[in-house]
Structure formats: structure tokens, C-alpha cells
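Some notes on the structure that comes next.
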Amino acid sequence: MSIVLRVVAGALLLSTSALAAQAPKPELLAAFSGEWHLDSARSDPMPQNAAARQRSDPAAAVGGAPSGGGRRGRSGGGAGGAPAGGPPAGGGFGGGRGGGGRQLRELMTELAPPPVLLITATADSAVLANTEGGEIGWAVDGRVHQHVQIDGTSTEEMARWKGDRLELHLGVTGSLDLKRELRVVEDGAVLEMKLELSGPGVPRKMARKVVFVRGAS
């Protein structure tokens with residue numbers, strides 16, 4: 001075998017081994033999946049600007065998402081909108097009009113998770129849903145997936161496993177990014193979710209940690 005072929009074969013072997021090492025184990029997927037109940041006492045308070053937005057429009061709080069919102073809404077999106085990792089069924093963040101300001105406000109509501117969070121996690125997909133039919137789905141492959149909205153803007157999402165953590169991104173291309181980092185602790189009884197909204201359109205860094213406890217099986 002030539003030196004070039006040996007180098008290529010070695011690179012492929014290392015790449016395959018790295019992918020295998022990153023693949024989550026079945027017990028980790030089982031630990032994430034299920035019904036989780038918000039523990040307000042152990043969670044950080046809402047950032048001030050996001051809290052004001054939630055008070056003005058409580059129906060837009062997360063997991064439930066905006067009512068006209070593509071893959072996420074209570075009526076136009078959610079379970080009936082599109083499969084996890086697929087393209088939006090409607091206008092993305094709230095129906096497509098209103099520009100970056102509206103998209104920022106609606107992403108700010110995502111800092112307020114629903115009282116009950118339903119998670120379905122597999123090695124290559126993740127779905128976060130509420131009890132009213134709203135959901136957000138990701139293809140967990142470490143790639144950025146972009147979707148052009150009817151107003152010409154582009155939304156994007158990315159998800160990956162990082163050891164025992166699940167990292168989820170949702171945002172507007174070149175403008176906004178909402179990062180969720182999920183980790184199961186306390187022998188599978190508690191889910192910690194760190195949220196951070198960042199980007200040129202964000203007045204200041206918005207971040208909080210939210211804690212959930214596992215619901216009855």
C-alpha cells in the first residue's frame with residue numbers, strides 16, 4: 001500500500017472512530033427523553049427585557065411559541081407543521097412579517113420554557129414540545145440548517161451532542177442565536193437547561209438557567 005493510501009485509510013479510520021465516540025449511548029437518550037416539569041424555585045429569573053415581553057403577550061411563551069410560527073405555533077405549526085429537522089411549514093418566527101424586531105421579541109419568549117416540557121431524543125434528532133401541541137425539532141448532526149422565510153430572511157438551526165450534553169441552536173442568519181444546552185443530573189431526576197440569546201440585535205446578553213424535574217413515568 002502506498003504512503004498516500006495509508007494516510008487516507010488512517011484518516012478515515014480516525015474519522016469513523018471519532019464519530020463513534022461522539023454517538024450518545026442509549027441510556028443517555030433515555031435519560032433525556034420523557035416528561036419534565038418546571039421547577040421555578042430552582043430556576044433563574046427571566047431577564048428583564050424578556051420578562052416584560054412575556055407579560056405583554058403571555059400566550060407567546062416558549063415551547064408554545066408564536067401562533068403563526070411555521071414549525072412551532074399552537075395553531076399554524078407545532079406537531080402539524082413539519083417533521084423534526086425539516087423545513088418550516090409557514091412563516092418561521094411569527095408568520096414572516098415585522099422584520100428583525102419581531103423575530104427578536106419572539107426569540108426572547110423562548111427564554112421562558114413551558115410548565116411541562118416533553119423531550120424526544122435520539123442519536124440523530126431531538127424534539128422539544130409542550131402539552132398544547134407546540135414543538136421545535138432539530139436534526140442532531142452538527143450541521144447548520146437554513147430555511148428561507150416568506151419575508152426574505154433566513155432562519156437557521158443546529159444541534160449536536162457534546163459528551164453528556166445536548167446543544168441546540170435556533171436563530172436568524174447573521175443576526176440572532178438562541179442557544180440551549182441541556183444536561184441531565186441527579187441520577188436522571190433533574191434536567192438543567194442553560195439558555196443564552198445573543199447577536200447584534202440583542203440589547204445585552206440574555207441568559208438564564210432553567211431547572212426541570214422528571215414527571216411521573
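When side chains are defined from C-beta on, Arg214 counts as touching Trp36, because their heavy atoms get closer than 4.5 Å. Looking at heavy atoms from C-beta onward, Pro114 lies out of side-chain contact with Thr131 at the 4.5 angstrom threshold. Trp161 places a side-chain heavy atom less than 4.5 Å from the side chain of Leu29. Side-chain contact between Ile136 and Leu168 is absent, with no heavy atoms from C-beta onward closer than 4.5 Å. Residues Leu182 and Ile119 are in side-chain contact: their nearest non-hydrogen atoms beyond the backbone lie under 4.5 Å apart. The shortest distance between side-chain heavy atoms of Val202 and Leu176 falls below 4.5 Å.
Of all heavy-atom pairs between Leu118 and Glu35, the closest is CD2-CG, 3.7 Å. Closest heavy-atom contact between His37 and Gly215: CD2-CA, 3.4 Å. Taking all atoms of both residues into account, the shortest heavy-atom contact from Leu107 to Gly171 is CD1-CA, 4.2 Å. Of all heavy-atom pairs between Arg208 and Pro47, the closest is CD-CD, 4.1 Å. Scanning all heavy atoms of the two residues, the minimum distance from Ala121 to Ser33 falls at N-OG, 3.0 Å. Of all heavy-atom pairs spanning Ala123 and Pro24, the tightest one is CA-CG, 3.9 Å.
No continuous path of hydrophobic side-chain contacts links Leu195 to Met158 [ILVMFWY only; heavy atoms under 4.5 Å]. Linking Ile, Leu, Val, Met, Phe, Trp and Tyr whenever their side-chain heavy atoms come within less than 4.5 Å puts Val211 and Val185 in one cluster. Linking Ile, Leu, Val, Met, Phe, Trp and Tyr whenever their side-chain heavy atoms come within less than 4.5 Å puts Leu128 and Val140 in one cluster. In the hydrophobic clustering of this structure, Met108 groups with Leu178; members are Ile, Leu, Val, Met, Phe, Trp, Tyr whose side-chain heavy atoms approach within less than 4.5 Å, directly or through other members.
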Could you walk me through whether Val190 and Asp39 pass side chain to side chain contact (heavy atoms under 4.5 Å, CB included), step by step?
-> CA-CA 9 Å; Val190 172; Asp39 187 338; over 6 Å; no
Check against side chain to side chain contact (heavy atoms under 4.5 Å, CB included), Leu38 and Leu117 = CA-CA 8 Å; Leu38 180 64; Leu117 181 66; over 6 Å; no
Do Lys179 and Glu196 pass the salt bridge (Lys or Arg N to Asp or Glu O under 4.0 Å) test, and can you show the C-alpha distance, the side-chain angles, and the key distance before you say yes or no?
-> CA-CA 5 Å; Lys179 174 184 175 182; Glu196 180 178 337; 5.7 Å; no
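Remark: side-chain polar atoms of Trp138 are paired, donor with acceptor, to backbone N or O of His169 under 3.5 angstrom. Although no hydrogens or angles enter the test, the distance criterion places a donor-acceptor pair under 3.5 Å between the side chain of Asp44 and the main chain of Lys209. Without hydrogens or angle criteria, Thr173 side chain to Ser154 main chain gives a donor-acceptor distance under 3.5 Å.
For the atom pair Arg183 CZ and Lys194 NZ, the distance stands at 6.5 Å (nearest 0.5 Å). One finds the CZ atom of Arg165 at 11.0 Å from the CG atom of Leu28 (value rounded to the nearest 0.5 Å). Residue Glu181 holds its CD atom at 9.5 Å from CD of Glu192, rounded to the nearest 0.5 Å. Here the straight-line distance linking atom CG of Leu197 with atom CZ of Arg180 works out to 10.0 Å at 0.5 Å rounding.
Checked by atom type, the side-chain pair Gln149/His147 shows no donor-acceptor distance below 3.5 Å.
Residue pairs meeting the side chain to side chain donor-acceptor pair (under 3.5 Å) criterion with at least one member in residues 113-123, sequence neighbours excluded: Thr122-Asp124, Thr122-Ser125.
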